[in-house]
K.L.:
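Please read through the structure below; I'll follow up with questions.
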Amino acid sequence: PAMTADEWISVLKLASKWKMLDIRQAAIGALDTQPWLLKIVLAREYGVLTWLQDGYLDFKDRQESLSMNDFQTLGLHTALKLVNMREESLLGNREEVGGWHTQYRRNNSNINSYWAVSNSCSDAVDIELSQELNGANSARGLDAVARVLWARSQNNVQYLRWAYIELTERVDSISLDEASKLGLETTVKICRARERFFRSYPGIHTTNSSTEMETYFGDEFDAVAGMNMLYV
């Protein structure tokens, strides 16, 4: 009978440990069609650079947002870089989009279109953050993340929702520091809401990424390439 993926992973582990290069290559070939997330995990552990590159590329090209499990498996830092790369792909030049968004707000002739976009953002927040919106609050005069934190302690759902909308519709991605303050579950939901919203942007998102993967993952590629040299 054909070997299972778990069995081939065990083969890869032992072949890498004992530097049995032919068997290692056979295991890599047998596992080459595994899902993108597993390939990234295995690439990091066993120094398979092509899997790491393919895994990130597969994510960039797929439609689904990162799930909670994806965030936990990848780690917050890597997951946020993937989200940032996806947003770059959807929005193209962030400065141009930011200017477009500001102009859209101010242009009375486009007021109906602007409210359509604004409602789309509101809908995205409702879909991805509806449970947390039940029984939370927010404050004026603080940045959006600070308002989220204040809102949770004061139980004002209206201000919390406004803060989430601001985080969802802004051009800048969620930073690692902001994610640490918001918590993993909320960060995942906001990232998913942002992607849902950006896909609804009229005439903005593109199919080609404006930023090479090396911009985000060059250091990790170098590290895994260094591991791979042990097996050449």
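On a predicted model such as this, the values are computed, not experimentally measured, just so you know.
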K.L.:
With the 4.5 Å side-chain cut-off for hydrophobic clustering, are Leu37 and Ile28 part of the same group?
P.N.:
no

K.L.:
Does the Ser153 side chain pair with the main chain of Trp150, one donor and one acceptor, at a distance under 3.5 Å?
P.N.:
yes

K.L.:
Taking Glu7 for the side chain and Thr4 for the main chain, is one N or O donor matched with an acceptor at less than 3.5 Å?
P.N.:
yes

K.L.:
Might you point out which heavy atoms bring Ala43 and Val224 nearest each other, and give the distance in Å?
P.N.:
O-CG1, 3.8 Å

K.L.:
Kindly say whether Met85 contributes a backbone atom to a donor-acceptor pair with the side chain of Ser89 at under 3.5 angstrom?
P.N.:
no

K.L.:
Do NZ/NE/NH1/NH2 and the carboxylate oxygens of Glu128 and Arg194 come within less than 4.0 Å?
P.N.:
no

K.L.:
Quick one: does Arg62's side chain get under 4.5 Å of Arg86's, heavy atoms only?
P.N.:
yes

K.L.:
Classify the angle between the aromatic ring planes of Tyr56 and Phe217 as parallel (below 30°), tilted (30 to 60°) or perpendicular (above 60°).
P.N.:
parallel

K.L.:
For the pair Arg147 (side chain) and Tyr164 (backbone), establish whether a donor and an acceptor sit closer than 3.5 Å, ignoring hydrogens and angles.
P.N.:
no

K.L.:
Any heavy-atom pair between the side chains of Leu12 and Ile23 that's under 4.5 Å?
P.N.:
no

K.L.:
Any donor and acceptor pair, going by atom type alone, linking the side chain of Lys39 with main-chain N or O of Asp32 inside 3.5 Å?
P.N.:
yes

K.L.:
Under 4.5 Å between any side-chain heavy atoms of Arg196 and Ile127, yes or no?
P.N.:
yes

K.L.:
From Phe197 CZ over to Arg170 CZ, what is the distance, rounded to the nearest 0.5 angstrom?
P.N.:
13.0 Å

K.L.:
Ignoring hydrogens, what is the shortest heavy-atom contact between Glu169 and Cys121? Give both atom names and the distance.
P.N.:
CB-SG, 3.5 Å

K.L.:
Is there a chain of hydrophobic side chains (I, L, V, M, F, W, Y, each step under 4.5 Å between heavy atoms) that links Leu230 to Trp51?
P.N.:
no

K.L.:
Please round to the nearest 0.5 Å and tell me the distance separating atom CG of Leu42 and atom CG of Leu38.
P.N.:
4.0 Å

K.L.:
So, do Tyr216 and Thr78 sit near enough that their side-chain heavy atoms are less than 4.5 Å apart?
P.N.:
no

K.L.:
Identify the two heavy atoms, one from Ala5 and one from Leu31, that lie closest to each other, and give their separation to 0.1 Å.
P.N.:
O-CD2, 3.7 Å

K.L.:
Would you say Val188 and Leu176 are hydrophobically clustered, going by side-chain heavy atoms of ILVMFWY under 4.5 Å?
P.N.:
yes

K.L.:
Do Glu88 and Asn84 have side-chain heavy atoms sitting under 4.5 Å apart?
P.N.:
yes

K.L.:
When you compare the side chain of Val83 with that of Phe71, does any pair of heavy atoms fall below 4.5 Å?
P.N.:
yes

K.L.:
Between the side chains of Ser67 and Asp70, does any donor sit under 3.5 Å from an acceptor?
P.N.:
yes

K.L.:
Decide, yes or no, whether a salt bridge links Lys189 with Glu195 under the criterion of side-chain N to carboxylate O below 4.0 Å.
P.N.:
no

K.L.:
Roughly how far, to the nearest 0.5 Å, is CH2 of Trp36 from CG of Asp54?
P.N.:
13.0 Å

K.L.:
Rounded to the nearest 0.5 Å, what separation is found between the CH2 atom of Trp8 and the CE atom of Met3?
P.N.:
5.0 Å

K.L.:
Could you walk me through whether Thr187 and Arg192 satisfy the side chain to side chain donor-acceptor pair (under 3.5 Å) test, starting with their C-alpha distance in whole Å, then the side-chain angles of each, then the deciding distance to 0.1 Å, before giving a yes or no?
P.N.:
CA-CA 9 Å; Thr187 297; Arg192 291 172 64 90; over 6 Å; no

K.L.:
Shortest non-hydrogen contact from Ala79 to Leu66?
P.N.:
O-CD1, 3.7 Å

K.L.:
CG of Leu49 to CD of Glu220: how many Å apart, nearest 0.5 Å?
P.N.:
10.0 Å

K.L.:
With side chains defined as the heavy atoms from C-beta onward, is the minimum distance between Leu160 and Asn155 less than 4.5 Å?
P.N.:
no

K.L.:
Quick check on the hydrophobic clustering: are Val41 and Val48 connected, directly or via other members, by side-chain heavy-atom contacts under 4.5 Å?
P.N.:
no

K.L.:
Leu74, Phe221: one ILVMFWY side-chain cluster at the under-4.5 Å cut-off?
P.N.:
yes

K.L.:
If you round to the nearest 0.5 Å, how far is CZ of Arg44 from CG of Leu52?
P.N.:
7.0 Å

K.L.:
For the residue pair Tyr46 and Arg24, establish whether any side-chain heavy-atom pair is separated by less than 4.5 Å.
P.N.:
yes

